Participant: 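I'd like to ask you about the structure that follows.
Every value quoted in this text rests on a predicted model; they were computed, and no experiment measured them.
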Amino acid sequence: GPGAGGGADLLRARMRLSLQERLWAFYRERVNIPAEEQAAARRAALDICAELRVFLHGKLPDMPLREMYLSGSLYDDLQVVTADHAQLMVPMVLEKNLWSMVPGEDTIMNVPGFWLVRRENLEYFPRGSSYWDRCLVGGYLSPKAVLEVFDRLVAGSINWPAIGSVLDYVIRPVVPSETLTLEVQYETDRRLYVDFLPLLAMEDGGALIAKPHRAAAARHQNLWRQSFRAAETARLRALDGEDGGCRCACLKLAKAVCKLNAALQRLNASQLTNALLLLSDTEGDWTQEALADRFLQLLRALVRHLEAGRLPCALNPKVNLLCELLEPEVDELGYTLYCALSDPEGLLRT
Ligand code: GDP
């Protein structure tokens, strides 16, 4: 009868309420980073960025670069748990008439979201006409070769101990590193990892970054990755701005849970952000009181995407954000999240 149903509803409501309380407590205690810690990390990153600018201008005045800048979750108030990483964006300048960008879906690899950068007009402007010709592989600008150029510089010819002692930091390149990463110890118990991320501006205002596709095949190694990060983050912020919603809080909870649970570490900020943006299309209530419901819904949505092997990018649905995961990785993520649906609080016991 209605009485029994009401009782069950009430019990459910009480359990839901307690998940809600636990999520907010976890958010305050583990997810959120104290402002002082964030400021210290930003200061260290800025010091390194300034040193590198001076070094590159002095050592390689011909290298066609625009001014480097710092970016990432540390600057968008989306970093979680510890303030420990940032990206150093290195915008490369390409001569318009010498290079063209070919979308991944128009190539033999057929991968939307990735691009080839082809060298054009070699007959009129022979090899060597562009500074970046040294990074050509099979007629295409290779992100790997670009990273190697910076790797030789950063790991090979910068006197990090000397710069570190001036700044009172311990700085060392992380080896081996897939991306090019500096480890900066700026206080006895605080470390910051700074990734070098060379990028190419696109005509529509977007960007391609030198972060190679995970596939080992040689032809995949020439692909540049389209970055949707700035647009995604802006959209998320704008939505929260319109209704005072908890989307960013929900995202940060999910990021923290993935950072703290070994079985979920393969899920990255971009996948989580887009799953949340897609959920936002169909779900209107993002009030603080709805956090637990939305968090559970996000977990369910992720399970569904993993089962389907497809998580479309909210800004370009042709892009599948799961395309670089291996099948056993997809299975493990899906299984872990599926189990978490019946014990979501287990995710917070880390
Ligand atoms: P978090 O590292 O999980 O806190 O998430 P971020 O939002 O800071 O994303 C950083 C990751 O996104 C790195 O792995 C970057 O390589 C990658 N990424 C892709 N595009 C961009 C971009 O435009 N800027 C930055 N900073 N990172 C990007």
Participant: Got a sec, which hydrophobics cluster with Tyr335, joining ILVMFWY side chains under 4.5 Å apart, including via others?
Facilitator: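 Noted: Tyr335 shares its cluster with no other residue.
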
Participant: For Lys59, enumerate each residue passing the side chain to side chain donor-acceptor pair (under 3.5 Å) test, keeping only those at least two apart in sequence or located in another chain.
Facilitator: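 So Lys59 forms no side chain to side chain donor-acceptor pair (under 3.5 Å) with any residue.
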
Participant: List for me each residue that meets side chain to side chain donor-acceptor pair (under 3.5 Å) alongside Glu95, sequence neighbours excluded, and say none if there are none.
Facilitator: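 Trp99, Ser130.
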
Participant: State which residues pass side chain to side chain donor-acceptor pair (under 3.5 Å) with Glu329; sequence neighbours excluded, sorted by chain then number.
Facilitator: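 Glu329: side chain to side chain donor-acceptor pair (under 3.5 Å) contacts with Arg214, Arg266.
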
Participant: Are the side chains of Met63 and Val149 in touch, meaning some heavy atoms are under 4.5 Å apart?
Facilitator: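 A side-chain contact exists here, since the closest heavy-atom pair is under 4.5 Å.
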
Participant: Are side-chain N/O atoms of Glu289 and Gln20 paired as donor and acceptor at under 3.5 Å?
Facilitator: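 No, Gln20 and Glu289 have no side-chain donor paired with an acceptor closer than 3.5 Å.
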
Participant: Name all residues meeting the ring-ring contact (aromatic ring centres under 6.0 Å, His included) criterion together with His85; count only those two or more places apart in sequence or in a different chain, and write none if there are none.
Facilitator: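 Expected list: none.
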
Participant: Please, which pairs that meet salt bridge (Lys or Arg N to Asp or Glu O under 4.0 Å) have at least one residue in residues 162-171, sequence neighbours excluded?
Facilitator: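 Every pair satisfying salt bridge (Lys or Arg N to Asp or Glu O under 4.0 Å) with a residue in residues 162-171: there are none.
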
Participant: Could I get the full list of side chain to side chain contact (heavy atoms under 4.5 Å, CB included) partners for Pro64, not counting sequence neighbours?
Facilitator: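 Pro64 satisfies side chain to side chain contact (heavy atoms under 4.5 Å, CB included) with Val93, Tyr131, Trp132 only.
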
Participant: Using the side chain to side chain donor-acceptor pair (under 3.5 Å) rule, take Glu232 and Thr273 through it: C-alpha gap first, then chi angles, then the decisive distance, then the call.
Facilitator: CA-CA 7 Å; Glu232 285 158 8; Thr273 305; 4.9 Å; no

Participant: Name all residues meeting the side chain to side chain contact (heavy atoms under 4.5 Å, CB included) criterion together with Ser227; count only those two or more places apart in sequence or in a different chain, and write none if there are none.
Facilitator: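 Ser227: side chain to side chain contact (heavy atoms under 4.5 Å, CB included) contacts with Ile209, Arg229.
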
Participant: Listed by chain and number, what are the side chain to side chain contact (heavy atoms under 4.5 Å, CB included) partners of Val90, not counting sequence neighbours?
Facilitator: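 Only Leu65, Met68, Phe150, Phe196 meet the side chain to side chain contact (heavy atoms under 4.5 Å, CB included) criterion with Val90.
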
Participant: Give me each pair satisfying salt bridge (Lys or Arg N to Asp or Glu O under 4.0 Å) with a member in residues 129-140, each pair once, sequence neighbours excluded.
Facilitator: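 Every pair satisfying salt bridge (Lys or Arg N to Asp or Glu O under 4.0 Å) with a residue in residues 129-140: Arg119-Asp133.
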
Participant: Taking the side chain as every heavy atom from C-beta outward, state whether Leu277 and Leu239 have any pair of such atoms under 4.5 Å apart.
Facilitator: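 Leu277 vs Leu239: side chains touch.
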
Participant: Please list, chain by chain and in numerical order, all residues satisfying side chain to side chain donor-acceptor pair (under 3.5 Å) with Asp343, sequence neighbours excluded.
Facilitator: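 Only Arg349 meet the side chain to side chain donor-acceptor pair (under 3.5 Å) criterion with Asp343.
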
Participant: Would you please name every residue forming a side chain to side chain contact (heavy atoms under 4.5 Å, CB included) with Arg190, sequence neighbours left out?
Facilitator: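 So Arg190 forms a side chain to side chain contact (heavy atoms under 4.5 Å, CB included) with Glu36, Glu37, Ala40, Tyr186, Glu187.
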
Participant: In terms of heavy-atom contacts, does CD of Glu67 have more than 12 from other residues, nucleotides or ligands at under 6.0 Å?
Facilitator: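 Correct, the count exceeds 12.
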
Participant: Using a strict threshold of under 4.0 Å (side-chain N to carboxylate O), is an ion pair present between Arg53 and Glu51?
Facilitator: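 Here Glu51 does not pair with Arg53 in a salt bridge, since their nearest N and O are not under 4.0 Å apart.
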
Participant: Hey, are the side chains of Arg191 and Asp84 touching, using non-hydrogen atoms and a 4.5 Å cut-off?
Facilitator: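 No, side chains not in contact.
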
